[in-house]
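Take a look at the structure below.
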Amino acid sequence: MSNVRVRFAPSPTGFFHIGSARTALFNWLYARHTGGTFILRIEDTDRQRNTDEALRVLLEGMRWLGLNWDEGPEVGGVCGPYFQSERSAIYQRYLQRLLDSGRAYEKDGAIWFRLEGERYTAYDDFKKQEVEKVRNRPVVIEDAVRGRVERTEEQDFVIFRQNGEPVFHFVNVVDDIEMGITHVIRGEDHLSNTSKHVELFEAFGAPLPVFAHIPLILKESGPGKMSKRDKGALIEEYEQRHFLPEAVRNYLCLLGWNPKDDQEKMTIDSIIESFDFPGINKGNARFDERKLSSLNTAYLRELPLESFCWLARPILNQAGIVAEDSNEDYLQKVLALCQPKARSLETLAEFVAYFFSDTYEVDAKAEKKIHRDANWQESLQQVIAVMHAVEPFSAETIGASLEKAAAEAGIQPFAWFPLIRFAVSGQSGGPDLMPLLETLGKECVLSRLHGLAKC
RNA sequence: CUCCCGUUCGUCUAGCCAGGCCUAGGACACUGGGUUUUCAUCCCAGCGACAGGGGUUCGAAUCCCCUACGGGAGGCCA
């Protein structure tokens with residue numbers, strides 16, 4: 001156990017943003033890498049939007065990604081409470097220290113932090129007004145990701161609002177001091193705030209934590225960082241779309257960090273082992289769902305069949321494809337056939353639909369392809385004749401019969417495959433054809449072949 | 001407007017700190033082949049980038065400066 005203490009300090013907003021999730025992930029990884037402590041602290045100083053539901057979404061998202069916390073809500077810890085709304089007494093104590101040392105003062109009913117330095121007034125083109133500024137010494141931030149960063153804070157800032165509530169900068173620093181946070185890992189959008197925070201740490205005479213500002217996640221298309229309204233911005237979305245959490249987590253690791261050895265699909269243990277600040281990039285990373293999907297497919301394919309079935313069953317039930325009390329053996333057989341071919345759990349229902357019902361989508365492209373062969377009707381009749389004769393109706397016997405018939409007709413047996421597949425599934429792709437036919441059964445196969453012949 | 005950060009294939013990135021090993025490597029996507037009786041995997045190949053300009057140097061993707069572009073911050077939001 002090292003003395004590293006990191007924290008993820010989200011404000012419950014009702015959704016779990018992918019950028020927040022990645023910040024949580026990096027903190028968690030660093031804690032696990034160093035054998036330190038990962039703390040979850042809820043920054044609920046804000047108004048009405050902090051509801052129980054908002055907290056639930058957050059905690060569920062954390063659990064879904066497998067980010068367990070060592071101190072925080074539900075698990076407690078020595079530095080509690082872990083909700084800022086319950087820490088008022090601590091903030092009052094710290095405020096008193098600043099008041100006593102003359103580093104805080106009241107103005108307009110709010111309490112301000114006083115910077116040290118020579119005061120003057122200047123016109124602020126952003127605020128479009130005259131403001132008091134301070135000729136202050138620059139704050140030096142030794143950032144673990146970006147190196148030395150200098151920034152000068154030049155205006156006093158509010159630390160307690162008129163309504164008596166402390167503001168983010170104040171509570172954030174106080175809690176980090178109180179909780180013994182050693183490393184502050186957060187998004188680059190906080191880099192500019194860091195000078196305020198350093199001023200506060202110093203005013204309290206507290207040692208500075210190591211700061212590590214990680215790059216932001218940019219939206220997939222268009223300018224700017226990912227915002228909650230963008231597609232793919234919320235962790236809940238991936239859960240609902242049945243992405244595998246290991247895949248999402250793996251992808252998130254790669255957004256702004258890499259192990260520098262060309263590895264991409266990695267176990268979480270190997271990521272924990274190699275995760276460190278030098279591997280974190282400085283430039284922002286653009287989100288790319290295609291890459292996430294390819295990772296997701298890779299994870300899906302290597303799931304044990306048992307796990308695959310366990311995940312697939314409720315999805316198919318919910319989609320109305322498979323009844324709750326359906327034939328277990330048949331379902332197992334279908335899923336075993338489909339796992340190596342399916343791209344995602346999200347699309348699994350449509351992928352397997354034709355196994356469970358005679359009404360299923362017909363792929364227009366596949367149909368066009370079939371019709372392109374002028375003799376397709378004739379071929380279909382030949383296939384029907386073959387299928388009629390197959391007994392027993394097993395993958396091996398069907399294959400052998402087709403091969404024999406094809407040889408007699410002087411063609412390659414696989415020339416019929418796309419036609420057969422389309423006739424029984426309406427698709428151009430899918431599981432291995434022979435086992436597929438065996439699984440559907442003779443009656444169903446013949447009926448569908450005849451069905452297509454009538455068209 | 002001010003301040004801070006960044007900039008290698010379409011995207012994620014390796015290389016940059018310790019300049020020559022870079023005709024810039026990998027992955028996703030895309031295209032074309034091959035394996036597979038179909039489908040999918042898999043394999044091979046192709047496509048494709050050092051933002052621009054100056055400097056330092058025998059030599060720069062790598063060091064320095066400028067410009068451009070991108071991102072962030074500048075709330076009694078977090």
Side-chain angles (χ1 to χ4, degrees), chain A residues 9-13 20 43-47 49 84 107-112 122-128 133 138 141 143 145-147 149-155 157-169 171-172 186-196 213 215-216 218 220-221 223-225 251 254-265 278-279 281-295 297-298 301 337-343 399 402-403 406 412-422 425 427-434 436:
Chain A
S11 169
T13 51
S20 301
E43 303 218 333
D44 56 351
T45 54
D46 184 29
R47 59 243 159 196
R49 68 171 153 172
Q84 288 187 332
K107 189 178 93 181
D108 302 332
I111 297 175
W112 297 64
Y123 185 77
D124 188 316
D125 224 327
F126 178 71
K127 290 186 176 166
K128 300 289 179 197
K133 294 204 172 177
I141 303 153
D143 193 278
V145 172
R146 334 190 80 84
V149 177
E150 269 190 33
R151 192 171 181 281
T152 306
E153 205 56 45
E154 48 186 20
Q155 278 182 67
F157 52 92
V158 170
I159 50 177
F160 272 74
R161 304 186 186 103
Q162 264 181 356
N163 67 7
E165 301 249 296
V167 305
F168 161 72
H169 302 298
V171 292
N172 192 263
R186 49 158 50 152
E188 199 223 43
D189 49 345
H190 286 294
L191 187 52
S192 302
N193 292 329
T194 306
S195 44
K196 280 191 184 70
H213 286 94
L216 302 181
L218 268 25
E220 188 150 30
S221 55
K225 62 173 176 174
Y251 176 69
L254 263 18
L255 234 37
W257 172 83
N258 79 82
K260 301 186 190 294
D261 60 2
D262 286 345
Q263 292 293 307
E264 298 210 317
K265 185 164 174 295
N281 297 105
K282 297 181 181 74
N284 294 337
R286 196 170 291 278
F287 177 77
D288 180 14
E289 189 175 302
R290 284 178 307 188
K291 184 140 185 168
L292 165 59
S293 291
S294 83
L295 263 178
T297 303
R301 297 268 164 89
L337 230 45
C338 291
Q339 190 192 0
K341 314 288 178 173
R343 280 215 160 273
L402 281 172
E403 207 165 327
Q412 297 279 27
F414 57 80
W416 284 332
F417 280 30
L419 175 64
I420 301 171
R421 181 186 292 284
F422 176 75
S425 72
Q427 306 295 314
S428 61
D432 281 330
L433 189 57
M434 295 310 137
L436 183 160

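We use all heavy atoms of the structure for the numbers below, so side chains are in, but hydrogens, waters and symmetry mates are not.
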NA contact type, [X], heavy-atom cut-off 4.0 Å: base, sugar-phosphate, or nothing?
X	value
A:H213	nothing
A:A110	base
A:L191	sugar-phosphate
A:Q412	nothing
A:D108	base
A:R286	sugar-phosphate
A:S428	sugar-phosphate
A:E150	sugar-phosphate
A:G147	nothing
A:G224	sugar-phosphate
A:L295	nothing
A:D189	sugar-phosphate
A:G430	base
A:P223	sugar-phosphate

Checking only heavy atoms, does the side chain of [X] share a donor-acceptor pair with the base of [N] at less than 3.5 Å?
X	N	value
A:K291	B:A27	yes
A:Q263	B:G26	no
A:S192	B:G74	no

Counting only Watson-Crick pairs (N1-N3 plus N6-O4 or O6-N4) and G-U wobbles (N1-O2, O6-N3), all under 3.5 Å, who is the partner of B:U41? none

Mate of B:C3 across any strand shown (Watson-Crick or G-U wobble, both atom pairs under 3.5 Å) is B:G72

[X] [atom1] to [N] [atom2]: how many Å, rounded?
X	N	atom1	atom2	result
A:L254	B:C12	CG	P	12 Å
A:N284	B:C4	CG	P	17 Å
A:E154	B:C4	CD	C1'	12 Å
A:K127	B:C3	NZ	C1'	13 Å
A:N193	B:C77	CG	C1'	11 Å
A:N281	B:G6	CG	P	12 Å
A:F287	B:A29	CZ	C1'	14 Å
A:M434	B:U36	CE	P	16 Å

Any side-chain N or O of [X] less than 4.0 Å from the OP1 or OP2 oxygen of [N]?
X	N	value
A:K260	B:G15	yes
A:K282	B:G6	no
A:K225	B:A73	yes
A:R343	B:U41	yes
A:R161	B:C77	yes

Which residue, A:K225, A:H213, A:K282, A:R146, forms the side-chain hydrogen bond (donor to acceptor under 3.5 Å, both in side chains) with A:E188? A:R146

Looking only at the side chain of A:D288 (C-beta and beyond, no hydrogens), which of the listed nucleotides B:A78, B:C28, B:G71 gets closest? B:C28

Contact between A:T194 and A:D143 at the side-chain level, heavy atoms closer than 4.5 Å - yes or no? no

Spacing of A:D288 atom CG and A:R286 atom CZ [to the nearest 0.5 Å]: 10.5 Å

Show your reasoning for whether side-chain contact (heavy atoms from CB on, under 4.5 Å) applies to A:R421 and A:L436. CA-CA 9 Å; A:R421 181 186 292 284; A:L436 183 160; 3.8 Å; yes

Atom [atom1], compared across [N] and [M]: separation rounded to whole Å:
N	M	atom1	value
B:A45	B:U8	C1'	23 Å
B:U67	B:G26	P	37 Å
B:G6	B:C39	P	50 Å
B:C47	B:A73	C1'	40 Å

Ring geometry between A:F168 and A:H190 (parallel below 30°, tilted from 30 to 60°, perpendicular above 60°): tilted

For A:L337 and A:D432, run side-chain contact (heavy atoms from CB on, under 4.5 Å): C-alpha distance rounded to whole Å, both residues' side-chain angles, the deciding distance at 0.1 Å, then the answer. CA-CA 7 Å; A:L337 230 45; A:D432 281 330; 5.6 Å; no

Polar side-chain atom of A:E43 near backbone of A:N172 as donor-acceptor pair, under 3.5 Å: no

